[in-house]
Visitor: 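Structure provided below as C-alpha cells; questions to follow.
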Amino acid sequence: MSLYSPSSPHFHADNSVTQVMLKVLVALVPGIALYVVFFGFGIIFNILLAVITALGCEAIMLKLRKRPVLPFLYDGSALVTAVLLAISIPSIAPWWIIFIGVAFAIVIAKHLYGGLGYNPFNPAMVGYAMLLISYPKEMTNWALTISNTNNYLGPWDSLLVFLKDKHGFDGISGATPLDYLKTQLNLDMTIAEAMQHSSFGLLGGSGFEWISLAFLAGGIWLIKQKIINWHIPVSFLASLFIIALIFYFIDSDRYASPVFHIISGASILGAFFIATDPVSAATTVRGRIIYGAGIGVLIYVIRTWGGYPDAVAFAVLLMNMCAPTIDYYTKPKPYGH
Amino acid sequence: MINKLFDFIGGVQIPYYKEMSTQDSIGSVALPSQLILPLSQHIGAAAEPIVTVGQAVLKGEEIAKATGYVSAPLHAPTSGTITDIGDYPLPHPSGMRAPCIILTPDGENQWMPLQPHSHDYQTLDPSTLRNIVRGAGIVGLGGAGFPTFIKHNPGPNGHVETLILNGAECEPYITCDDALMRERPEQILAGLKIIKHALNAKRCIIAIEDNKPKAIECLRSALMIYPIENTEVIAIPTIYPAGSEKQLIYTVTGKQVPKDGLPINIGVVCQNAGTCAAVHLAIEKGQPLVSRVVTVSGDVGKPRNVDVPIGMPIDELIQQCGGITGSLRRLIIGGPMMGFAMHQLEIPIVKTSNCVLVDAGNAEHLKPRDEVMPCIRCGSCAEVCPVSLLPQQLYWYSKDLDLEKAQSHYLFDCIECGCCDYVCPSQIPLVQYYRHAKAEIWKRERETQKSDAARERHEFRLFRIEREKEEKAARHKQKKAALKTNAVAANATDSEPSKKHNDPKQAAILAAMERVKAKKLESQIAPKNTDNLTPAQRKTIEEIDKNRKERNNKDTPET
C-alpha cells in the first residue's frame, strides 16, 4: 500500500487568487455607484466593454501561449485590470478608446511580459498612459457633474454617447478640476480665485470628492480584509500630503492645499487600488513604504510642474521600474542575525 | 517576575481543532501482537542491539545500547521475547526501511527491578543525573528527538539563566502535551525541578499558549502544592509557530538565538513537557522511556490521547481509537503544519511520534492543494514568516536553482514552519521548493568535496610520476658513476655506504617506501566543507578519521 504523501504543510488557508481579485472588485463598487450618481451611466458601459475586451484578449493570449484558459480566466486578474482602467477613463469617452486601452493593457503589458505574476508594470496604468499620450483630447474630456449640467446622461443617452461620440449633446463635458486649476494657474490666477469655479466642491472637485471618499471606504475595507496592507496607501498619501503642505506654506496662492491634492484626481483610487497591485509593487515592508512615498512625491511633482494635470499613472509606472531594486536593498534582517 | 512578553514577527492564526482529542482523559491501549523498535529513534548514531533473537526480556530492560555520545539506548517497552532483528519500514517520509528489534509481548508486562532515586536526587551531582537520563534513553519528545542529557550539559562556560518548559504546543490537532499538563502536572513539575537542579538554572518559565486555559490552571495549582523556586507559569499568545524553540525563546526573553548558535549561548534551555515527565520517571521511579502520550486525531472514530508503548504499530493504534472513518487518503505523523505524510500504515510509534493524524477527506483544511497558480507577489508570505525571510524571493531562486542567491537570501535560516505556504493565495508548495533547494545545495557540496579530492589526487599522481622519473634518472647516473669508480678502484675494499646506494634491491625498497608514503599522504587529504555539521555528523567523521589513521599506521611497513 502506498498513500498520498506530499511534503508538509498539509494545511492550507481557504484563499485563492480569485478571492483576492473578487474582493478588490467588491471594494470598488461604492465608488462606481457614486460615479453613476454624479456623472451618469457612461461609466457602466465603459466597464462592460472593458470586461468583455479583457476576457476576450486574455482567452486569446492564453490560447496562443498554450496555457490553460479556464483557470486563468477564472482568477479575476483581467477583470481587475479592466475595471480599474475603465474607471480611469472619462465616462463620456467613445467605445474604441476603451477597447484599444484594455486590449493594449492585456496583450502588451500583461501577456507579452509573461502573464499573471510576471508583468513588471501595472497593466491598467500602461493602458492608461498609452491612451493619454495617443488620444489626449478624448482622455481629458470629462463629464460635468450633475450639479453643473442640465444634461445628466441616463442609460440611453450614455449609450448613444458611448457608441456615436457626443453628437447632439451640448454642455456635458469639461476639464477635470485638476486640469482647470492648472490652466487657471498658468493664467496667473490664484488658487482661491480659481476655486470659485463651479466645478469645485467642499474639499476638491465637486462630485469627485465624494467618489474619492467612497474609494477610501473600499480601500479601508480591503486593508481590514488583509487583501492589501496599509504600507503603500499610507506612505503614498502621507508623502503627497507632506510635500503639498510644505509648498502650501511657502505660497498658498500658487500651490493647492494638501487636502485638495489628496481628495482630487485619482489620488485615493491610486493609493488603495492601483499602487497596491502586488505584482508590480515592492514587496518588503520597508520597500513598500519607500515605493508608496515615491509615488506620492512623483504625483506632486508631475501635477505641479509637469505637463499633465494628474499623474497617478506615470508616477506608478516610474516606481514600478524601481520596485525590484527597492526590494533588493530593503531585505529584512532575519531572526538571529 | 516576568512583566513583559515579546511578540515575534510573523506567524499565522490557524484553526486548531484541539477540542477533538481532549474530550477524554489519557487512555491506555491493549498490547499489540508485536512491537517494532527501530534502533534509530533519535538524532545521532543508531543504537546497537545487545539481545539475540529468542531472548526473553523484562519491561524496561535495555535491548540496544547507545553508540557514541550523540545516541540513545533502547529499552523493552513490555516483557516478552525478541522474535526478530531486521529491516522494517520506519515512520519516515521516504518510506525507508531500517534495522529494528521485534518484541513479541508475553502479556505479563512485568517490570525489571528498578532503581529509583526518589528523594536523594538533590544530593546527586549533575553529571550523575545526566547519566541516569542518558541511560533511560530519553530524547526530546516534542518531535526533534535530540538526546536530552546533552541539553542538560551546559558545558564548562555555560550558565543557564532561564529554563523554559515548552508547553506551547502550537500545531493544530496535537494535544498530547496539553493532556499531560492537565492530568499529570505533578510529574512535569517534578521533572522540571530535577532539570533545574541539574542545570543550576536561575529561573524557570512554564510557557503555555493561552488557548489551553485548563493546562495553565492545572500547572498553576500544582505549582502551589509542589513549589519550585523562581518558577512561573505564563500564558503566551496563541499564534503559530509560538512553540518553535527560537520563537518561544524570543517571546519569553526578548532575546534571539544567534545564527548558527544554540539557546545555551544566550543562557536558555528549552524542554518539552513530555520530556520533563520522562525525566521525572527516570530519576524518581527508575523507569526508562518505554512509552509516551500520543494524540490520535482527525478522521478516526474516537480521537483521543493515549499512553502508547514505544513500537506500537500505527494501524493497530488507529484500530484501538475507533478505526478510520472514511477511506484513508493521508496519514500524517506530527501536526498538519510540519508533520510528515507516510507511505503506509504498518509503521511503529517511536519516541518522537507526538501525533497520528488521519486524513480521510472530512477535515476542510486538510484537503489537498488546489491548482497551483503563478505567484502574484502579494507578499503575504513575507508578512507571516517568523524568521523575517523573503519567502517569495526564496521561491524564485529555489525554483530556478539559483542556489547562491537562495543562500544569500538566508535559505538555511528557514525553519520550514509552513506559514508562507499556508497563506499563499496561489497555493504554491513553497516549503517543498525550499527543501529541494537545500537538498540540492548539500548534494553539490558533497560533489565539490569529492571532485576536490579527486583533483588533488590527480595532481599528486602527476607530481609523483615526475618525481619517480627524476629519481630513476638520478639512480642511473649514480650507477654509472659507481661502475666507473668500481672499475678504477677494482681492488679496493667495498665500503658500506657505496654498497648501500648501489644495491638495486635497496633502491627498490626505497622506491616502494616512497610509494607507500605517497599513498598515505593521498588518503590524508583533509575533507572540506565540514562547517555547519551537526554534532552527530561531526562525531561520525571523527570516528572514520580515527579508524583510517589506525589502518594507515598498521599498513606502514616496519623499517
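We name chains A, B, ... by the order of the sequence lines, and we start the count at 1 in each one.
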Visitor: Is it true that B:Arg377 and A:Asp277 have a side-chain N and a carboxylate O under 4.0 angstrom from each other?
Guide: no

Visitor: Between A:Val20 and chain B, with a heavy-atom cut-off of 4.5 Å, which part of the residue counts as in contact: side chain, backbone, both or neither?
Guide: side chain

Visitor: Looking at B:Ile332, B:Val431, B:Leu357, which has the largest count of heavy-atom pairs under 4.5 Å with chain A?
Guide: B:Ile332

Visitor: Are more than 12 heavy atoms, taken from residues, nucleotides or ligands other than B:Lys405, located less than 6.0 Å from that residue's NZ atom?
Guide: no

Visitor: For B:Ile376, which atoms come within 4.5 Å of any heavy atom of chain A: side chain, backbone, both, or neither?
Guide: both

Visitor: Heavy-atom pairs under 4.5 Å with chain B are the metric here; pick the option from A:Thr18, A:Asn229, A:Asp14 that has the most.
Guide: A:Asn229

Visitor: Please classify the contact between B:Asp421 and chain A as side chain, backbone, both or neither, with a heavy-atom cut-off of under 4.5 Å.
Guide: both

Visitor: If you measure from OH on A:Tyr328 to NE2 on B:His409, what distance do you get to the nearest 0.5 Å?
Guide: 7.5 Å

Visitor: Heavy-atom distances under 4.5 Å only: say whether B:Tyr410 touches chain A with side chain, backbone, both or neither.
Guide: side chain

Visitor: Name the member of B:Asp359, B:Leu389, B:Val423 that forms the most heavy-atom pairs with chain A at distances under 4.5 Å.
Guide: B:Val423

Visitor: Looking at A:Leu55, I want to see if its CG is surrounded by more than 12 non-hydrogen atoms of other residues, nucleotides or ligands under 6.0 Å.
Guide: yes

Visitor: Please classify the contact of B:Tyr240 with chain A as side chain, backbone, both or neither, using a heavy-atom distance under 4.5 Å.
Guide: neither

Visitor: Looking at A:Lys226, A:Lys333, A:His10, which one has more heavy-atom pairs under 4.5 Å with chain B than the rest?
Guide: A:His10

Visitor: Looking only at heavy atoms, what is the nearest atom pair of A:Pro278 and B:Cys378, with distance?
Guide: CB-CA, 3.4 Å

Visitor: Which bit of B:Glu371 comes within less than 4.5 Å of chain A, counting heavy atoms only: side chain, backbone, both or neither?
Guide: side chain

Visitor: Do the side chain of A:His12 and the main chain of B:Leu366 share a donor and acceptor less than 3.5 angstrom apart?
Guide: no

Visitor: Can you tell which of B:Gln427, B:Met342, B:Gln432, B:Arg369 has the highest number of heavy-atom pairs within less than 4.5 Å of chain A?
Guide: B:Gln427

Visitor: Taking all heavy atoms of B:Leu390 and all of A:Thr284, pick out the closest pair and write down the distance.
Guide: CD2-CG2, 3.5 Å

Visitor: What heavy-atom pair brings A:Pro332 and B:Ser388 nearest, and what distance separates the two atoms?
Guide: CG-O, 3.4 Å

Visitor: Would a 4.5 Å heavy-atom cut-off, applied to side chains only, mark B:Pro172 and A:Phe11 as touching?
Guide: yes

Visitor: Under a 4.5 Å heavy-atom cutoff, which of A:Gly336, A:Ser16, A:Pro6 has the most pairs with chain B?
Guide: A:Gly336

Visitor: To the nearest 0.5 Å, how far apart are OG in A:Ser8 and CD in B:Glu171?
Guide: 8.5 Å

Visitor: Flag the one option from A:Ser280, A:Pro68, A:Ala281, A:Ser7 with the top tally of heavy-atom pairs under 4.5 Å to chain B.
Guide: A:Ser7

Visitor: Given a strict heavy-atom distance threshold of 4.5 Å, which part of B:Tyr173 is in contact with chain A: side chain, backbone, both, or neither?
Guide: side chain

Visitor: Kindly give the heavy-atom pair with the smallest separation between B:Cys424 and A:Asn15, and that separation in Å.
Guide: O-OD1, 3.7 Å

Visitor: Calculate, to the nearest 0.5 Å, the distance between atoms CE and CG belonging to B:Met373 and A:Asp75 respectively.
Guide: 4.0 Å

Visitor: Determine yes or no for a side-chain-to-main-chain donor-acceptor pair under 3.5 angstrom, with A:His337 supplying the side chain and B:Lys259 the backbone.
Guide: no

Visitor: Which heavy atom in A:Tyr335 sits nearest to a heavy atom in B:Lys255, and how many Å separate them?
Guide: OH-O, 4.0 Å

